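All of these numbers come straight from a predicted model, not from anything done at the bench. Sequential numbering from 1 along the given sequence is applied to the chain's residues.
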Amino acid sequence: MIDFRNTNTLWSSILAETLQRLGLTTAVICPGSRSAPLTIAFAQNNKIETIPILDERSASFFALGIAKKSGLPTALICTSGTAAANFYPAIIEARESRIPLLIFTADRPPELRDCHAGQAIDQVKIYGNYPNWQAELAIPSASRGMLDYLRQTIVYAWERSQFPTPGPVHINLPFRDPLVPVPDIAVEALETQFNPEDFFAGLEPIFAGESSTPPSPPLLRGGEESTMQQWQKCDRGIIIAGVAQPQFAEKYCSAIAQISKSLNWPVLAEGLSPVRNYAQLNPHLISTYDLILRNRELADKLTPEIAIQIGDLPTSKELRNWLDKTQPQRYIIDPSHHNFDPLHGQTIHLRTSVEHLATNILPQVPPLSKGGLGGVLTSPSNEYLQLWRNTEIQVRQTIDQKISAINNIIEPKVSWLLSQILPPATPIFIANSMPVRDVEFFWKPNHLEIKPFVNRGANGIDGTLSTALGVAHRHQSSIMLTGDLTLLHDTNGFLIKNKFVGHLTIILINNNGGGIFEMLPVAKFDPPFEEFFATPQQINFAQLCATYGVKHEIIDDWEQFKQKLSFLPNSGIRVLELQTDRRGDAKWRQDNLSKFAKDL
């Protein structure tokens, strides 16, 4: 609907209508005066879900979660002043984790800047280099030429949020008064001359989805042999499936499995990748690599010649140190323009998706006659793969026996148990710090097609609850796994409760402090460790949840835990709190992580 009541309503409604026709489904809006024209325009467009959220930081991470789950840009709107600054952490995360966001910040017009007009700060390029693209629009105008400019600028903004790499786009919008829809006769008269179908002709949804074809990678480098043929000849190769949140998880996992089976190379799969949850697809899946590599003798025997890294490296410091020490020829598979090599090795980035590689490149390369691609492997290749597989089986059995015997509430058992008991295809948002590490250590391969989500772009704890609610909004009942400090950092996310559609179960590991710091050298120095690093907060979460009207329950034993997660409700938010001993959990890890593969 185009609103001709005045220049600001016309300008804003054309912006909203353009986005709706391009495919926008959701706008998250924070309250404020200067953004009133935008708020009214989006609220009046009945094809866009508009969600009002009080806290800008929480709102921005909620929008991030929605975009993360859907793969589509989400609009984020705020008023002028420091409201825009509160979006910054989520914009950084969107950039680093390649999530499409459209940020619209309302602003004072130029004549009311730098003159103490109030609620006016310098918002132009406020987010530095983090947006994919950023611009300040002209002052709203009702002329046809300026409306054409507005439409095409918004089309370009939509495209840049998805191509060539998804990420945030920032548009700053100055508005003069009136900010409310006070009628303007001159603008109202334009309605009879305006033909919407002519104005929006040719505007169709633009999505970066599975149909988008990245450019073919440079498979020929410096000679006669292609990269694929080099891979085929290699007897000691590994595939590393790192942190990933693909829109089409089964196709992603199948593509990795296809390459693995063709080359007969093991897949070292990060717990924050869906690969471990589609274990039926991949017979060469290795989930205990972090623990295996703590055995230095084994780590030396397993030295690879080539490593194919898919996306980001896994969280594991052991794996990174091993790659840094052994220096295999590394190929990184990802269609984006980002640099995915923090180790600065002899790395070749193949700018393509793993699906494209498996579907379009792999079938075109003839198998080597000596075996390899589709053939019977020679013994050296079998020996290397078999060493990985046998070690995985033994370490996995040791872990399972050790953890299954634990009856008291302990952090590592939470991740291990979740990988076995969640309903099929459950989305789970995993908080940073210790939860992501316990998932990497202990998450068991399964056939449940669980969908992991994380904020591993900047690896911060900002907005964790809000992001998880965004992932869960209007989708399957979901899980969030978090520590106490991370949840406390974003309790304003509970204000989303009344607008949230769906269900989120929050598994709260309450060890009264920062468990991750217990694993670091600084833990030996107290003071100042406990007060300045562990930072215990002594919060009664039952009372906190009651304040927000959120259900809360303390979990005392594992059978109760299993029962609560075997079936997930359809609506609402609930917190299942497991109270643990922070120092005891850290000591258990320190005592056991290096022992699981010690005697192999």
Subject >> Heavy-atom side-chain contact between Pro335 and Thr352 under 4.5 Å >> reply: no
Original post:
Between Ser58 and Asn492, does any side-chain donor sit less than 3.5 Å from a side-chain acceptor?
Top reply: no
Subject >> Side chain proximity check, Ser477 to Asn570, heavy atoms < 4.5 angstrom >> reply: yes
Original post:
Considering residues, nucleotides and ligands other than His116, do more than 12 of their heavy atoms fall under 6.0 Å from its NE2?
Top reply: no
Original post:
So, Arg160 side chain and Asn132 main chain: donor-acceptor pair closer than 3.5 Å or not?
Top reply: yes
Original post:
Just wondering, do Ile428 and Trp443 contact through their side chains at under 4.5 Å, heavy atoms?
Top reply: yes
**OP:** Please check if any side-chain donor atom of Lys125 sits under 3.5 Å from a side-chain acceptor atom of Asn172, or the reverse.
**Re:** no
Original post:
Any donor and acceptor pair, going by atom type alone, linking the side chain of Ser273 with main-chain N or O of Ala269 inside 3.5 Å?
Top reply: no
Subject >> Modelled atom types, side-chain donor and acceptor of Ser419 and Asn446, under 3.5 Å >> reply: no
**OP:** Examine the side chains of Ser466 and Asp490 and answer whether a donor and an acceptor come within less than 3.5 Å of each other.
**Re:** yes
Subject >> Thr482 backbone acceptor or donor facing Thr486 side chain under 3.5 Å >> reply: no
Original post:
Under 3.5 Å, side chain of Gln309 to main-chain N/O of Asp341, donor-acceptor pair present?
Top reply: no
**OP:** Taking Gln162 for its side chain and Ile206 for its backbone only, find out whether a donor-acceptor pair lies under 3.5 Å.
**Re:** yes
Subject >> Among Asn455, Val439, Thr464, Ile507, the one residue meeting side chain to side chain contact (heavy atoms under 4.5 Å, CB included) with Ile430 >> reply: Val439
Original post:
Do Phe194 and Phe4 have their ring centres less than 6.0 Å from each other?
Top reply: yes
Original post:
When you look at OH of Tyr130, are more than 12 heavy atoms from neighbouring residues, nucleotides or ligands closer to it than 6.0 Å?
Top reply: no
**OP:** Supply the atom-to-atom distance Ile2 CD1 to Glu191 CD, rounded to the nearest 0.5 angstrom.
**Re:** 9.5 Å
**OP:** Identify the heavy atoms of Tyr278 and Ala249 that sit nearest to each other, and give their distance.
**Re:** OH-CB, 3.8 Å
Original post:
Does any non-hydrogen side-chain atom of Leu568 lie less than 4.5 Å from one of Arg574?
Top reply: yes
Subject >> From OG (Ser13) to CE (Met1), nearest 0.5 Å >> reply: 7.0 Å
Original post:
Can you name the closest pair of heavy atoms from Trp11 and Ile139 and give their distance?
Top reply: CH2-O, 4.4 Å
Subject >> Exercise: do Ser571 and His503 side chains pair donor with acceptor under 3.5 Å >> reply: no
**OP:** Quick one: pull up CZ in Arg276 and CD1 in Ile450 and give me the separation to the nearest 0.5 Å.
**Re:** 12.0 Å
Original post:
Does any N or O in the side chain of Gln119 come within less than 3.5 Å of the main-chain N or O of Gly81, such that one atom is a donor and the other an acceptor?
Top reply: no
Please output the side-chain donor-acceptor pairs of residues 22-40 that fall under 3.5 Å, not counting sequence neighbours, one pair per line with the distance.
| from | atom 1 | to | atom 2 | distance (Å) |
| --- | --- | --- | --- | --- |
| Arg34 | NH1 | Phe175 | O | 2.6 |
| Thr39 | OG1 | Ser35 | O | 3.2 |

Original post:
Should Phe494 and Leu487 count as side-chain neighbours, where that means a heavy-atom distance under 4.5 Å?
Top reply: yes
**OP:** Taking only Lys NZ, Arg NE, NH1 and NH2, and the carboxylate oxygens of Asp or Glu, determine whether Arg176 and Asp107 approach each other closer than 4.0 Å.
**Re:** no
**OP:** Kindly say whether Leu272 contributes a backbone atom to a donor-acceptor pair with the side chain of Glu270 at under 3.5 angstrom?
**Re:** yes
Original post:
So Lys564 and Ile555, side-chain contact (heavy atoms from CB on, under 4.5 Å) or not? Walk me through it.
Top reply: CA-CA 9 Å; Lys564 291 293 178 182; Ile555 302 298; 4.1 Å; yes
Original post:
At what distance, to the nearest 0.5 angstrom, does OG of Ser60 lie from CD1 of Ile77?
Top reply: 13.5 Å
Original post:
Going through the checks in order, is the salt bridge (charged side-chain N to carboxylate O under 4.0 Å, His left out) test met by Lys451 and Glu250?
Top reply: CA-CA 10 Å; Lys451 302 169 184 175; Glu250 187 169 357; over 6 Å; no
**OP:** Taking His447 for its side chain and Gln280 for its backbone only, find out whether a donor-acceptor pair lies under 3.5 Å.
**Re:** yes
**OP:** Kindly determine whether Arg456 and Asn432 satisfy side chain to side chain donor-acceptor pair (under 3.5 Å), including the steps that lead there.
**Re:** CA-CA 8 Å; Arg456 291 302 284 175; Asn432 284 318; 2.7 Å; yes
Subject >> Minimum side-chain heavy-atom gap Leu173-Thr105 below 4.5 Å >> reply: no
Subject >> Spacing of CG belonging to Leu147 relative to CD belonging to Gln152, to within rounding of 0.5 Å >> reply: 12.0 Å
Original post:
Between Asn510 and Glu577, does any side-chain donor sit less than 3.5 Å from a side-chain acceptor?
Top reply: yes
Subject >> Carboxylate-amine/guanidinium contact Arg5 Asp3, below 4.0 Å >> reply: yes
Original post:
Is the number of heavy atoms from other residues, nucleotides or ligands under 6.0 Å of Asp114 CG greater than 12?
Top reply: no
Subject >> Distance under 6.0 Å and angle within 45° of ring axis: Arg151 vs Phe200 >> reply: no
Original post:
Has Asn129 got more than 12 heavy atoms of other residues, nucleotides or ligands less than 6.0 Å from its CG?
Top reply: no
**OP:** Would you indicate whether the side-chain heavy atoms of His338 and Thr165 approach each other to under 4.5 Å?
**Re:** yes
Subject >> Side-chain donor/acceptor of Gln245 to backbone N/O of Val454, under 3.5 Å >> reply: yes
Subject >> Stepwise side-chain contact (heavy atoms from CB on, under 4.5 Å) test for Val575 and Glu553 >> reply: CA-CA 6 Å; Val575 173; Glu553 190 171 348; over 6 Å; no
Original post:
Quick one: does His349's side chain have a donor or acceptor within less than 3.5 Å of a partner on Phe340's backbone?
Top reply: yes
**OP:** Would you please say whether a donor-acceptor pair under 3.5 Å links the side chains of Glu49 and His473?
**Re:** yes
Subject >> Min side-chain heavy-atom separation Phe62-Thr467 under 4.5 Å >> reply: no
**OP:** Show your working on salt bridge (charged side-chain N to carboxylate O under 4.0 Å, His left out) between Asp334 and Arg98 and close with a plain yes or no.
**Re:** CA-CA 12 Å; Asp334 193 276; Arg98 292 160 286 148; 3.2 Å; yes
**OP:** Measure the OG-CZ distance between Ser12 and Phe104 for me, rounded to the nearest 0.5 Å.
**Re:** 10.5 Å
Original post:
Picking from Leu357, Ile310, Ile333, what satisfies side chain to side chain contact (heavy atoms under 4.5 Å, CB included) with Ile259?
Top reply: Leu357
Original post:
Do you know the tightest heavy-atom contact between Asn6 and Val182?
Top reply: ND2-O, 2.9 Å
**OP:** Please report the C-alpha distance between Leu448 and Asn277 in whole Å, then the side-chain angles of each, then the deciding distance to 0.1 Å, and finally whether the side-chain contact (heavy atoms from CB on, under 4.5 Å) criterion is met.
**Re:** CA-CA 6 Å; Leu448 296 175; Asn277 305 316; 5.8 Å; no
Original post:
Between Tyr127, Trp133, Tyr88, Phe87, which is the residue that forms a ring pair (Phe, Tyr, Trp, His ring centres under 6.0 Å) with His170?
Top reply: Tyr127
**OP:** Apply side-chain contact (heavy atoms from CB on, under 4.5 Å) to the pair Trp158 and Ile154, showing each step before the final yes or no.
**Re:** CA-CA 6 Å; Trp158 176 267; Ile154 297 305; 5.6 Å; no
